[in-house]
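Here the structure is a predicted model, which means the values were calculated and not measured.
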Amino acid sequence: QFNGIEKTMKFIKLAVYGRAGVGKTYLALGFPRVGIIDMESGADLYSDRFPDTRIVKTASAIDVMETVMELRDKPTDIQTIVIDPITVLWNQLQDVHLEFLGKKAADKGLDPMSVSLQVQDWKPIKHKWNKIMTTLINLPMNVILIGRVQEKMKAETAEGRTGWSTTGEVMAAEKDTTHAMDIVIKLNVVGKDRIGFVEKDRSGTYPLYSDIVNPTFTTHFKPILDKYSGGVLAVAPNPETAMETDMAAQDKEEQLYITLCTILEATKDLTELAAWATTVKTNTPLLEREHVQALQQMYRTKSKEIKERKV
């Protein structure tokens with residue numbers, strides 16, 4: 001059901017990435033009441049400038065998930081959660097799964113160093129990633145993901161030979177990460193200034209591909225918070241809840257199909273068969289295509305059996 005778009009209370013959901021030393025962590029720690037999940041001890045040197053910052057040091061994906069879930073489930077005075085860098089979290093999820101595959105290979109007498117991630121391996125990795133991301137973006141607080149930079153490569157073929165060329169730079173994380181964030185900034189240093197290149201801004205505050213000179217919370221992000229301080233709390237759709245809904249619908253469809261098969265089996269004459277066919281037609285929108293096709297074939301077979309019995 002479609003409803004009118006409500007005025008919502010939003011928090012800053014920011015992805016900021018760039019090379020080492022451009023001020024990514026410094027920018028994030030300037031937000032109010034920061035809790036930082038420090039995955040490479042990058043925040044140590046800021047203790048004197050940001051003494052009120054709370055910190056969790058870990059390189060474990062499980063620790064990150066438990067910390068994020070605790071923020072969701074328990075009262076807290078933290079207003080901004082920072083993951084620094086999100087790149088390490090993404091790499092850790094891959095490395096843990098690769099280690100798991102290596103142990104399975106070793107148990108079979110194979111070389112654990114010979115394994116690599118295959119297509120089917122990405123599903124459990126991305127499931128864990130999506131669970132963390134969904135929980136993060138639904139937290140009633142500012143969320144900042146700090147990322148390293150990686151080159152974007154493109155395959156090119158010339159004179160029958162294929163090579164790779166650099167087409168730009170992107171945030172080093174799961175490829176859809178920036179889609180979940182409201183604001184994406186690539187940070188650089190030009191002369192004595194830190195320049196934030198705006199790659200995305202859903203709030204409409206900053207034009208696409210514009211530059212923010214020396215970005216700070218007070219000057220550049222607090223106005224966005226103030227703009228969205230009223231209204232209902234915005235909550236993103238939860239894939240896990242959607243999965244439960246869709247699974248329940250699938251179970252219901254399967255039960256409907258089994259029921260129709262059972263009724264058909266007990267059908268004795270063409271009158272009952274015609275009534276059954278009407279029931280199937282009525283419920284066709286609720287059935288999977290392959291089940292509809294199977295029921296149609298069963299109808300033809302049953303009709304033939306009844307007619308042969310009459311003869």
Side-chain angles (χ1 to χ4, degrees), residues 15 17 20 36-42 55-74 81-139 143 145-155 162-164 166 169-181 236-251 253-255 288 290-291:
Y17 74 100
I36 182 170
I37 300 176
D38 189 354
M39 303 197 74
E40 60 177 6
S41 297
I55 188 169
V56 171
K57 287 190 176 186
T58 183
S60 164
I62 294 298
D63 286 348
V64 173
M65 188 65 210
E66 289 179 349
T67 302
V68 171
M69 296 287 277
E70 185 174 336
L71 288 173
R72 183 195 67 180
D73 298 335
K74 296 182 179 179
I81 176 67
V82 178
I83 299 184
D84 184 11
I86 197 71
T87 308
V88 171
L89 176 60
W90 175 235
N91 291 340
Q92 179 69 1
L93 288 171
Q94 297 171 73
D95 291 344
V96 168
H97 194 76
L98 195 58
E99 184 73 16
F100 168 73
L101 295 176
K103 289 182 178 179
K104 287 181 66 176
D107 291 342
K108 296 178 181 178
L110 303 175
D111 180 7
M113 300 301 293
S114 66
V115 300
S116 60
L117 296 175
Q118 303 300 313
V119 174
Q120 66 271 17
D121 296 316
W122 291 104
K123 185 174 182 180
I125 294 172
K126 289 201 172 189
H127 176 74
K128 293 175 182 176
W129 176 265
N130 290 335
K131 186 174 183 179
I132 294 173
M133 288 299 299
T134 299
T135 306
L136 268 173
I137 63 176
N138 280 317
L139 289 175
V143 176
L145 306 182
I146 295 176
R148 296 172 184 167
V149 68
Q150 71 179 24
E151 294 181 339
K152 187 177 181 180
M153 308 298 289
K154 179 182 179 182
T162 301
W164 294 88
T166 302
E169 294 179 334
V170 295
M171 188 167 80
E174 194 276 333
K175 62 183 179 63
D176 291 332
T177 301
T178 54
H179 292 288
M181 309 307 287
N238 188 331
E240 291 193 356
T241 302
M243 177 69 75
E244 292 174 2
T245 301
D246 292 344
M247 287 293 291
Q250 184 172 329
D251 290 343
E253 188 276 341
E254 185 72 24
Q255 188 57 51
E288 298 287 347
E290 59 266 27
H291 283 167

Any idea which heavy atoms bring L139 and L71 closest together, and the distance?
CD2-C, 4.0 Å

Minimum heavy-atom separation for M171 to T178, with atom names?
CE-CG2, 4.0 Å

Specify the closest pair of heavy atoms between P124 and H97, including all atoms of both residues, with the distance to one decimal.
CG-CE1, 3.6 Å

Measuring only between side-chain heavy atoms, which start at C-beta, is I86 closer than 4.5 Å to W129?
yes

Say you draw a straight line from CZ of R72 to OG1 of T134; how long is it, rounded to the nearest 0.5 Å?
11.0 Å

Enter the distance from K128:NZ to W90:CH2 here, rounded to the nearest 0.5 Å.
11.5 Å

Only one of Q150, E151, K175 passes side-chain contact (heavy atoms from CB on, under 4.5 Å) with V170, and that residue is Q150

Counting C-beta onward and ignoring hydrogens, is there a side-chain heavy-atom pair between I125 and E174 closer than 4.5 Å?
no

L110 CG: over 12 foreign heavy atoms closer than 6.0 Å
yes

Taking C-beta and beyond as the side chain, do L145 and L136 meet within less than 4.5 Å on heavy atoms?
yes

Given I37 and L89, is the side chain to side chain contact (heavy atoms under 4.5 Å, CB included) satisfied, shown in steps?
CA-CA 10 Å; I37 300 176; L89 176 60; over 6 Å; no

Candidate pair Q94 and D121, rule side chain to side chain contact (heavy atoms under 4.5 Å, CB included), full reasoning:
CA-CA 9 Å; Q94 297 171 73; D121 296 316; over 6 Å; no

Smallest separation among heavy atoms of A61 and L93, with atom names:
CB-CD2, 3.6 Å

So, E40 side chain and P85 main chain: donor-acceptor pair closer than 3.5 Å or not?
no

Evaluate the side-chain proximity of D95 to E99: yes if any heavy-atom separation is below 4.5 Å, no if none is.
no

Atom CD1 in I62, atom CD in E66: separation rounded to 0.5 Å?
6.5 Å

Distance check, rounded to the nearest 0.5 Å: Q92 atom CD versus S60 atom OG?
6.5 Å

Where is the tightest heavy-atom contact between S116 and Q118, given as atom of each residue plus distance?
OG-NE2, 2.9 Å

For the pair T58 and T67, evaluate side chain to side chain contact (heavy atoms under 4.5 Å, CB included) and give the outcome as yes or no after the intermediate values.
CA-CA 10 Å; T58 183; T67 302; 5.9 Å; no

Any non-hydrogen side-chain atom of T177 less than 4.5 Å from a side-chain atom of M133?
yes

Worked verdict on H291 versus E254 for side chain to side chain contact (heavy atoms under 4.5 Å, CB included):
CA-CA 9 Å; H291 283 167; E254 185 72 24; 3.3 Å; yes

Closer than 3.5 angstrom, by distance alone: can the side chain of T87 be matched with the main-chain N or O of A172 as a donor-acceptor pair?
yes

Distance-minimising heavy-atom pair for L101 and V115:
O-CG1, 4.0 Å

